[in-house]
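Heavy atoms only: backbone and side chains are in, while hydrogens, waters and symmetry mates are out. Keep in mind it's a predicted model, so treat the numbers as computed, not measured.
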Amino acid sequence: QLQLVESGGGLVQPGGSLRLSCAASGSTLDLNTYAWFRQAPGKEREGVSCISTSGGNTNYADSVKGRFTISRDNAENTVYLQMNSLKPEDTAVYYCAARAGSTCYFQKFYYRHWGQGTQVTVSS
């Protein structure tokens with residue numbers, strides 16, 4: 001059984017940084033693409049960034065380009081999201097997701113596997 005566990009969320013001041021981690025365990029051999037989504041109160045869940053393991057391709061939402069960096073450690077089955085220059089509008093629950101295909105999508109229905117989420121709050 002596949003399990004995704006996020007960690008690294010917390011409270012940070014505007015302009016600060018956080019690094020989120022997503023550790024995958026169980027049947028991970030068929031997973032090729034990991035993504036980070038976020039959901040703010042009263043809003044739809046939106047794609048933030050994704051990474052394809054087969055080619056190392058990455059993609060970012062316009063709102064986080066230049067501030068967030070996604071990476072992965074294949075040996076550890078872990079995906080990271082380095083978040084810099086955080087803004088109050090980045091406040092949300094951040095979710096890790098995974099799919100078997102090698103294409104990065106920002107539509108949540110492409111992802112079968114989800115973590116429970118980690119809260120990120122950006123506030124002074």
Side-chain angles (χ1 to χ4, degrees):
Q1 183 177 355
L2 175 70
Q3 186 175 20
L4 300 175
V5 179
E6 303 98 333
S7 61
L11 173 63
V12 63
Q13 292 185 343
S17 299
L18 283 174
R19 189 174 84 153
L20 305 183
S21 299
C22 170
S25 61
S27 302
T28 63
L29 290 179
D30 294 333
L31 298 180
N32 288 310
T33 299
Y34 287 80
W36 287 97
F37 286 76
R38 67 186 181 186
Q39 188 166 16
K43 294 188 176 181
E44 292 289 321
R45 191 171 298 187
E46 62 175 358
V48 174
S49 183
C50 57
I51 184 166
S52 170
T53 60
S54 58
N57 295 324
T58 59
N59 200 7
Y60 298 92
D62 288 342
S63 58
V64 305
K65 280 181 182 176
R67 300 187 298 122
F68 290 11
T69 303
I70 192 170
S71 62
R72 65 172 291 145
D73 182 335
N74 289 335
E76 297 294 328
N77 288 324
T78 301
V79 177
Y80 303 97
L81 185 68
Q82 178 66 43
M83 306 187 296
N84 298 328
S85 302
L86 283 162
K87 305 174 181 180
E89 51 263 44
D90 294 317
T91 296
V93 177
Y94 284 70
Y95 297 91
C96 177
R99 62 185 302 268
S102 59
T103 303
C104 278
Y105 292 110
F106 279 161
Q107 291 78 23
K108 55 184 183 291
F109 59 77
Y110 283 105
Y111 293 84
R112 178 181 178 185
H113 306 286
W114 291 85
Q116 293 301 306
T118 185
Q119 176 70 47
V120 171
T121 302
V122 185
S123 174
S124 55

Peer 1: Quick one: pull up OG in Ser21 and CD in Gln82 and give me the separation to the nearest 0.5 Å.
Peer 2: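 Between Ser21 OG and Gln82 CD, I get 9.5 Å after rounding to 0.5 Å.
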Peer 1: Report yes or no: do Phe109 and Phe106 belong to one cluster of Ile/Leu/Val/Met/Phe/Trp/Tyr joined by side chain heavy-atom distances under 4.5 Å?
Peer 2: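 Phe109 and Phe106: separate clusters.
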Peer 1: Between atom CZ of Phe37 and atom OH of Tyr111, what is the distance when rounded to the nearest 0.5 Å?
Peer 2: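 Answer rounded to 0.5 Å: 5.0 Å.
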Peer 1: SG of Cys104 to CG of Asn32: how many Å apart, nearest 0.5 Å?
Peer 2: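 Separation between the atoms: 10.5 Å.
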Peer 1: Atom CZ of Arg72 and atom CD1 of Ile51: how far apart are they, to the nearest 0.5 Å?
Peer 2: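 With rounding to 0.5 Å, CZ (Arg72) is 6.5 Å from CD1 (Ile51).
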Peer 1: Does a side-chain heavy-atom distance below 4.5 Å link Asp90 with Met83?
Peer 2: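 Result no, sub-4.5 Å side-chain heavy-atom pair not found.
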Peer 1: Group every Ile, Leu, Val, Met, Phe, Trp and Tyr by side-chain heavy-atom contacts under 4.5 Å, then state whether Leu2 and Val79 land in the same group.
Peer 2: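 In one cluster: yes.
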Peer 1: With a 4.5 Å cut-off on side-chain heavy atoms, are Tyr110 and Thr33 touching?
Peer 2: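 Result no, sub-4.5 Å side-chain heavy-atom pair not found.
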Peer 1: Between Tyr80 and Thr69, is any pair of side-chain heavy atoms under 4.5 Å apart?
Peer 2: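 Answer no - side chains too far apart.
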Peer 1: Can you tell me how far the OG1 atom of Thr78 sits from the OH atom of Tyr34, to the nearest 0.5 Å?
Peer 2: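 So the OG1 of Thr78 and the OH of Tyr34 are separated by 8.5 Å.
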Peer 1: Are Val122 and Tyr95 connected into the same hydrophobic cluster when the rule is that any two of I, L, V, M, F, W, Y join if their side-chain heavy atoms are below 4.5 Å apart?
Peer 2: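 No; Val122 is not reachable from Tyr95 via cluster members.
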Peer 1: Minimum heavy-atom separation for Thr91 and Gln119, please, with both atom names.
Peer 2: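 So the minimum-distance heavy-atom pair works out to CG2-NE2, 4.0 Å.
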Peer 1: Quick check: closest heavy atoms across Tyr60 and Ile70, and the distance to 0.1 Å?
Peer 2: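 Looks like OH-N, 2.9 Å.
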Peer 1: Please table the atom pairs, donor to acceptor, closer than 3.5 Å between any side-chain atom in residues 9-20 and protein atoms at least two apart or in another chain.
Peer 2:
from, atom 1, to, atom 2, distance (Å)
Ser17, OG, Asn84, OD1, 2.9

Peer 1: Which atom pairs, donor and acceptor, lie under 3.5 Å between side-chain atoms of residues 39-50 and protein residues at least two apart or in another chain?
Peer 2:
from, atom 1, to, atom 2, distance (Å)
Gln39, OE1, Arg45, NE, 3.2
Gln39, OE1, Arg45, NH2, 3.3
Gln39, NE2, Lys43, O, 3.1
Glu46, OE2, Arg38, NE, 2.7
Glu46, OE2, Arg38, NH2, 3.3
Ser49, OG, Asn59, O, 3.0

Peer 1: With rounding to the nearest 0.5 Å, note down the distance linking CD in Gln116 to OG in Ser7.
Peer 2: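 Between Gln116 CD and Ser7 OG, I get 13.5 Å after rounding to 0.5 Å.
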Peer 1: Residues in disulfide bond (SG atoms under 2.5 Å apart) with Cys22, at least two apart?
Peer 2: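 Disulfide bond (SG atoms under 2.5 Å apart) check on Cys22 returns Cys96.
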